[in-house]
Asks: 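Provided herewith is a single structure, encoded as structure tokens, for subsequent inquiry.
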Amino acid sequence: MDLFTIPGIPATRQDDKNILNKTVKKTKKVVAKVGKSLSERIANIKRSVEENLGEYKDKYDCIREENDLVKYIDLCVEKGICAIDTETTGLNPMLDDIVGFSLYTLGLKAVYIPINHIDYITNAKVNNQLSKEICKKQLQRLANNNVKLIMFNAKFDIRVLRHQIGVYLTAYWDGYIAQKLLNENEPENGLKALHKKYVLKNEKDAFAFSDLFEKITFNLVPINSGYIYAARDAEVTYELYTYQKQFLDPSNSKCIEKDLLEVSNVFWNIEMPLINIVADMEDSGIKVDLDYLNILSEKYNKLLLEKEAEFYKLCDKYSNKIEDYRRKNPNNKLGSMINIASSTQIAILLYDILGEKPVPRQPSRGTGEEVLKAMNNEFCQAILDYREVAKLITTYIDKMRNIINPEDGKVHCVFNQYGAATGRFSSQDPNMQNIPSHNKEIRKMFVADDGYVLMSSDYSQQEPKVMTQMCGDEKMLNAYRNGRDLYSEIASLAFNRTYEDCLEFYLDENGNKTDKTNKEGKEYRTQAKSILLGILYGRGIASVAEQLHTTKEKAQQIQDKIFKGFPAIQKFEEDSKNMAKEKGFVTTLWGRKRRLPNIQLPLYEFDFSNAKNNNFNPLDFENEQEEFIDYEAMDKYTRMMNRSYGRVAKEQVKAKARAEGIEIKDNGGYIADAERQCVNARIQGSAADMTKKAMILVGNDKELKELGFKLLIPVHDELIAQCPLENAKRCKERFANLMSIAAKDRLQVPISCDVEVTRAWYGDEIELEEI
DNA sequence: CAGCTATGCGCC
DNA sequence: AAAGGGCGCATAGCTG
């Protein structure tokens with residue numbers, strides 16, 4: 001896709017931004033108001049291109065005859081490799097149109113092939129463009145001849161070409177994915193920016209003048225101006241590939257030197273094969289039951305009004321106090337009515353008007369759920385009730401209607417397969433990974449196609465199992481091998497109880513689980529689980545204690561026992577931190593890296609440039625001067641910082657140093673953050689690898705394909721799919737089986753999945769025996 | 001008006 | 001003294 005973005009061009013064309021820059025809001029208007037007429041803006045574009053890119057006119061070509069395209073494709077086939085990039089009218093591969101595409105292969109000029117440009121004056125289609133049929137025929141030859149296709153954010157272009165041209169391509173290289181594997185912390189996301197940084201080494205780019213461009217969709221840009229830009233994109237995509245590939249080619253010495261062999265394995269065997277699977281999922285989409293959605297909407301909107309009314313009734317009750325505040329604070333931020341949705345105004349109400357005291361360990365003027373629950377105040381419940389309903393309506397109910405594709409009544413969300421730095425997926429438009437599960441009503445709006453059933457399969461205890469593998473502990477491994485519950489096993493050890501006494505349910509005489517809850521056992525299990533997950537998330541012991549409603553000492557005691565009984569857990573934690581400290585990164589089971597450079601920061605950094613005893617003369621260029629370091633002061637303040645506990649105390653030390661002209665930078669917080677991340681990143685990242693391997697195995701399975709089975713959504717440790725009702729039984733077996741064996745190459749812990757077959761997501765289970 | 005941060009909250 | 005990993009997205013409210 002077109003990763004190079006013309007800043008003036010609206011977000012609707014900046015497909016890269018959609019995926020790569022989460023802060024960008026999509027503009028609904030195709031042409032924004034900038035106070036100029038369309039023709040003026042286009043005249044501007046023409047002039048800018050003439051002025052800035054005149055010399056590049058001959059560097060790129062525009063293909064407007066079939067013969068020329070055939071010849072270019074001939075050469076791509078001959079070379080066996082080419083870069084490809086599409087231009088579209090917007091971000092939606094199904095609803096927006098392709099405007100043209102560009103190609104580049106070694107030894108040739110990059111070319112642009114216009115398909116759908118429109119004359120901005122007459123609104124008529126511009127002459128001498130190639131038809132979709134011709135393009136399809138030629139692009140198909142790339143696929144038929146296995147030409148290696150170089151792309152950037154390939155999934156988008158692949159989907160555009162599927163829907164708008166009817167050709168099914170597979171990327172050989174995706175520069176976006178490659179960049180994520182090479183440095184998931186890279187601040188630049190766009191093709192153009194990455195190219196400038198790594199290929200041009202930050203030298204000036206002739207094409208960077210594009211600030212001058214006005215907001216306009218690409219189909220309105222005159223071909224004679226636009227082709228230079230579009231063609232350039234393909235060339236830039238290729239050049240970035242040339243730079244990146246040396247690090248991800250296992251036969252290249254740079255790949256070995258930089259310790260990227262395992263990373264390249266993740267690239268070639270996990271991430272790249274996943275792209276088409278993800279494109280398939282986005283294309284499949286998931287059906288929304290509109291009638292049901294309308295019922296939900298009505299129900300919750302009514303509820304919202306009720307909750308709102310309750311809040312304002314309380315405002316009336318306290319109107320004296322509120323009015324009193326308004327009088328004393330004429331410049332207050334309260335509107336004529338207190339806005340229940342404004343955290344600022346709620347804070348004024350609670351802390352200034354009602355005189356509530358800050359809740360311990362919470363922001364001083366916080367109005368979050370924890371704070372509100374801790375206050376004994378009748379407003380709080382009303383606010384929480386309102387928020388709960390408002391969240392459901394705005395984020396999940398009303399939002400959904402705007403996203404449904406009118407052509408098929410489905411939502412086709414965008415999955416970012418490297419959305420999280422750990423390697424996890426993210427999802428947007430809508431985010432299918434945070435649909436409420438507690439409130440089953442919302443999930444039920446998602447249904448299978450007619451004649452189909454939904455099938456959701458989730459790994460049971462995926463993260464603890466990954467942790468077990470990484471600990472390499474026989475005791476833990478055996479618990480799983482013997483079909484025992486790890487949390488109960490750990491609890492048994494920590495609380496000196498038998499394993500059976502730490503189970504959530506009583507067993508019958510045959511040792512089978514009954515549905516009778518063992519209240520005490522459940523409690524032991526929960527405590528052990530919380531501690532273990534606390535370790536896994538790098539959570540502090542005080543915070544774990546709080547969650548368990550117990551004292552810090554008690555929680556520490558339990559943790560000590562767990563560490564003593566399962567020393568591998570503690571060792572894993574230490575090994576992970578040591579790995580990060582030595583190398584600056586941690587790795588997953590499959591070798592994906594999570595770089596944590598902050599862990600290598602010095603605890604304190606000193607700046608003596610303004611120190612009183614610094615004799616450095618910045619204007620003295622004659623004599624070589626060494627940077628001034630006052631080792632004595634450094635020592636003194638390091639000790640003082642280490643001795644002072646708490647933010648306030650540390651600030652005092654810093655202030656004291658500042659009085660001597662010494663600036664101290666305290667990196668303690670960053671280091672602690674990184675230490676927490678390094679344990680979690682290994683577990684979360686390995687689990688992500690595992691789910692991705694399963695997606696590839698399941699998504700490419702011939703039998704499942706023949707049975708009409710389709711993957712729909714990944715939710716971290718869970719895959720949602722659908723299949724025809726009559727094939728559900730077989731699909732269920734195969735689905736679960738493939739998922740459970742997908743990670744066998746590096747995961748010896750027995751893996752099992754819970755599969756549910758329903759009409760609606762989270763709906764009633766369909767008994768397959770009855771079919 | 002667009003773009004940004006802060007705050008809050010849904011999920012795994 | 002305090003200590004929760006990873007996301008997307010809503011509204012409020014500020015800024016240029």
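The model shown is predicted, which means the values in this text are computed figures rather than measured ones. Here is how names work: the chains are called A, B, and so on, in the same order as the sequence lines, proteins then strands, and each is numbered from 1.
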Asks: OP1 or OP2 of dG6(C) sitting under 4.0 Å from any side-chain N/O of Gln677(A)?
Replies: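 Checking dG6(C) against Gln677(A), a side-chain N or O does come within under 4.0 Å of OP1 or OP2.
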
Asks: Between dA2(C) and dC9(B), how far apart are the two C1' atoms, rounded to whole Å?
Replies: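 Each nucleotide's C1' atom is 23 Å from the other's.
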
Asks: Please report, rounded to the nearest Å, how far the P atom of dC7(C) is from the CD atom of Gln417(A).
Replies: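 Value for this atom pair: 15 Å.
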
Asks: Pick one: which of Ile403(A), Leu293(A), Asn405(A), Val447(A) meets side chain to side chain contact (heavy atoms under 4.5 Å, CB included) with Val288(A)?
Replies: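 Per the side chain to side chain contact (heavy atoms under 4.5 Å, CB included) rule, the option paired with Val288(A) is Leu293(A), out of Ile403(A), Leu293(A), Asn405(A), Val447(A).
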
Asks: Would you mind telling me which of dG6(C), dA12(C), dG8(B) lies closest to the side-chain atoms of Lys391(A)?
Replies: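 Among dG6(C), dA12(C), dG8(B), the one nearest the side chain of Lys391(A) is dG8(B).
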
Asks: Figure out the CD/C1' separation between Gln428(A) and dC7(C), and round it to whole Å.
Replies: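 Checked: the CD to C1' distance equals 11 Å.
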
Asks: Quick one: is Ser543(A) getting a side-chain N or O under 4.0 Å of the dA3(C) phosphate, OP1 or OP2?
Replies: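 So the side chain of Ser543(A) is outside the cut-off, no N or O lying under 4.0 Å from OP1 or OP2 of dA3(C).
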
Asks: Using the six-membered ring for Trp and the full ring for Phe, Tyr or His, decide whether Tyr537(A) stacks on the six-membered base ring of dG5(C) (centres under 5.5 Å, planes under 30°).
Replies: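 Yes, aromatic ring over the base.
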
Asks: How many angstroms lie between CD1 in Ile535(A) and CD1 in Ile569(A), if you round to the nearest 0.5 Å?
Replies: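 Answer for the CD1-CD1 pair, Ile535(A) versus Ile569(A), is 5.5 Å.
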
Asks: Between atom CG in Leu372(A) and atom P in dG8(B), what is the gap in whole Å?
Replies: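 Value for this atom pair: 9 Å.
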
Asks: Please determine, for the side chain of Thr395(A), which listed nucleotide (dC12(B), dA10(C), dG6(C)) has the closest atom?
Replies: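 Closest nucleotide to the Thr395(A) side chain: dA10(C).
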
Asks: Test side-chain contact (heavy atoms from CB on, under 4.5 Å) on Arg592(A) and Leu181(A) and set out the steps.
Replies: CA-CA 7 Å; Arg592(A) 185 194 303 276; Leu181(A) 278 162; 4.0 Å; yes

Asks: What does Gly366(A) touch in the nucleic acid at a heavy-atom separation under 4.0 angstrom: a base, only the sugar-phosphate, or nothing?
Replies: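 Since only primed, P, OP1 and OP2 atoms lie under 4.0 Å of Gly366(A), the category is sugar-phosphate.
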
Asks: Nearest to the side chain of Asp717(A), heavy atoms from C-beta on, is which of dC12(B), dA12(C), dA10(C)?
Replies: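 Between dC12(B), dA12(C), dA10(C), the one nearest the side chain of Asp717(A) would be dC12(B).
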
Asks: Assess Arg443(A) against Tyr762(A): is NZ or CZ under 6.0 Å from the centre of the six-membered ring, and within 45 degrees of the ring's axis?
Replies: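 Because its charged atom sits under 6.0 Å from the ring centre and within 45° of the axis, Arg443(A) does stack over Tyr762(A).
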
Asks: What nucleic acid atoms does Asn339(A) come within less than 4.0 Å of, heavy atoms only: base, sugar-phosphate, or nothing?
Replies: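 Asn339(A): backbone/sugar contact only, no base atoms under 4.0 Å.
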
Asks: Step through the shown structure and confirm whether more than 12 heavy atoms of other residues, nucleotides or ligands are within 6.0 Å of NZ on Lys583(A).
Replies: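 No.
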
Asks: Heavy atoms under 4.0 Å, any strand shown: does Ala687(A) hit a base, just sugar-phosphate, or nothing?
Replies: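 Since no nucleic acid heavy atom lies under 4.0 Å of Ala687(A), the category is nothing.
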
Asks: Find the distance Arg595(A):CZ to dG5(C):P and express it as a whole number of Å.
Replies: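 After rounding, the reported distance stands at 20 Å.
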
Asks: How many Å lie between CD1 on Ile346(A) and C1' on dT7(B), as a whole number?
Replies: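 For the pair Ile346(A) CD1 and dT7(B) C1', the rounded distance is 12 Å.
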
Asks: Determine the contact category for Arg682(A): base if any of its heavy atoms lies under 4.0 Å from a base atom, sugar-phosphate if only primed atoms, P, OP1 or OP2 are that close, otherwise nothing.
Replies: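 Here Arg682(A) touches no strand at all.
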
Asks: Tell me whether the OP1 or OP2 atom of dT7(B) has a side-chain N or O from Thr344(A) closer than 4.0 Å.
Replies: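 Looking at the OP1 and OP2 atoms of dT7(B), neither is under 4.0 Å from any side-chain N or O of Thr344(A).
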
Asks: Does dG6(C) have its OP1 or OP2 closer than 4.0 Å to a side-chain nitrogen or oxygen of Asn680(A)?
Replies: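 So the side-chain polar atoms of Asn680(A) never come under 4.0 Å of the phosphate oxygens OP1 or OP2 of dG6(C).
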
Asks: Just to be sure I understand the rule, does Gln684(A) reach a base, reach only the sugar-phosphate, or reach nothing, if contact means heavy atoms closer than 4.0 Å?
Replies: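 Since a base atom lies under 4.0 Å of Gln684(A), the category is base.
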
Asks: Is it the case that the side chains of Asp754(A) and Ser460(A) hold a donor-acceptor pair, with the cut-off being a distance below 3.5 Å and no angle test?
Replies: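 Per modelled atom types, Ser460(A) and Asp754(A) side chains form no pair under 3.5 Å.
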
Asks: Which part of the nucleic acid, if any, lies within reach of Ile435(A) when heavy atoms closer than 4.0 Å are counted: base, sugar-phosphate only, or nothing?
Replies: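 Sugar-phosphate, backbone atoms only, no base.
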
Asks: Which nucleotide wins on minimum distance to the side chain of Arg676(A), given the candidates dG6(C), dG5(C), dC12(B)?
Replies: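 So the side chain of Arg676(A) is nearest to dG5(C).
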
Asks: Looking at dC12(B), I'd like to know if its phosphate oxygens (OP1 or OP2) sit under 4.0 Å from a side-chain N or O belonging to Ser437(A).
Replies: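 True: Ser437(A) side-chain N/O within range (under 4.0 Å) of dC12(B) OP1/OP2.
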
Asks: Just call it for Arg424(A): base, sugar-phosphate, or nothing, with non-hydrogen atoms closer than 4.0 Å on any strand.
Replies: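 Counting heavy atoms under 4.0 Å across all strands, the contact made by Arg424(A) includes a base.
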
Asks: Looking only at the side chain of Glu369(A) (C-beta and beyond, no hydrogens), which of the listed nucleotides dC9(C), dC9(B), dG5(C) gets closest?
Replies: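 The answer is dC9(B), which lies nearest to the side chain.
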
Asks: Looking at dT11(C), dC12(B), dC9(C), which one has an atom nearest to any side-chain atom of Asn431(A)?
Replies: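 Selected nucleotide: dC9(C).
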
Asks: Quick check on side chain to side chain contact (heavy atoms under 4.5 Å, CB included): which of Asp289(A), Ile720(A), Val411(A) does Phe446(A) satisfy it with?
Replies: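 Exactly one pass, corresponding to Val411(A).
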
Asks: Once you round it to whole Å, what is the distance between C1' of dC9(C) and CG of Asn416(A)?
Replies: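 About 15 Å, once rounded to whole Å.
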
Asks: Which nucleotide wins on minimum distance to the side chain of Thr394(A), given the candidates dG5(C), dT11(C), dG6(C)?
Replies: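 For the Thr394(A) side chain, the nearest candidate turns out to be dT11(C).
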
Asks: State which of dA10(C), dG13(C), dC12(B) makes the closest approach to the side chain of Gln345(A).
Replies: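 Per side-chain heavy atoms of Gln345(A), the pick is dG13(C).
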
Asks: Which nucleotide in the list dC9(B), dC7(C), dA10(C) gets nearest to the side chain of Lys399(A)?
Replies: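 Of the options given, the side chain of Lys399(A) lies nearest dA10(C).
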
Asks: Which part of the nucleic acid, if any, lies within reach of Lys333(A) when heavy atoms closer than 4.0 Å are counted: base, sugar-phosphate only, or nothing?
Replies: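 Counting heavy atoms under 4.0 Å across all strands, the contact made by Lys333(A) is with sugar-phosphate only.
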
Asks: Looking only at the side chain of Asn434(A) (C-beta and beyond, no hydrogens), which of the listed nucleotides dA10(C), dT11(C), dG8(C) gets closest?
Replies: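 Minimum distance to the Asn434(A) side chain belongs to dG8(C).
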
Asks: Can you tell me how far CD of Gln557(A) sits from CD1 of Ile541(A), rounded to the nearest 0.5 angstrom?
Replies: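 Reported value, rounded in 0.5 Å steps: 10.5 Å.
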
Asks: In whole Å, what is the span from the CE atom of Met467(A) to the P atom of dG5(C)?
Replies: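 Whole-Å distance recorded here is 15 Å.
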
Asks: Could you check whether Ala542(A) gets within reach of a base, just the sugar-phosphate, or nothing at all, counting any heavy atom under 4.0 Å?
Replies: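 Base contact - Ala542(A) has a heavy atom under 4.0 Å of at least one base atom.
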
Asks: Figure out the OH/P separation between Tyr396(A) and dC9(C), and round it to whole Å.
Replies: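 Computing the Tyr396(A):OH to dC9(C):P distance gives 10 Å.
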
Asks: Check whether any side-chain nitrogen or oxygen of Arg387(A) sits under 4.0 Å from OP1 or OP2 of dC9(B), and answer yes or no.
Replies: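 For dC9(B), OP1 or OP2 has a side-chain N or O of Arg387(A) closer than 4.0 Å.
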
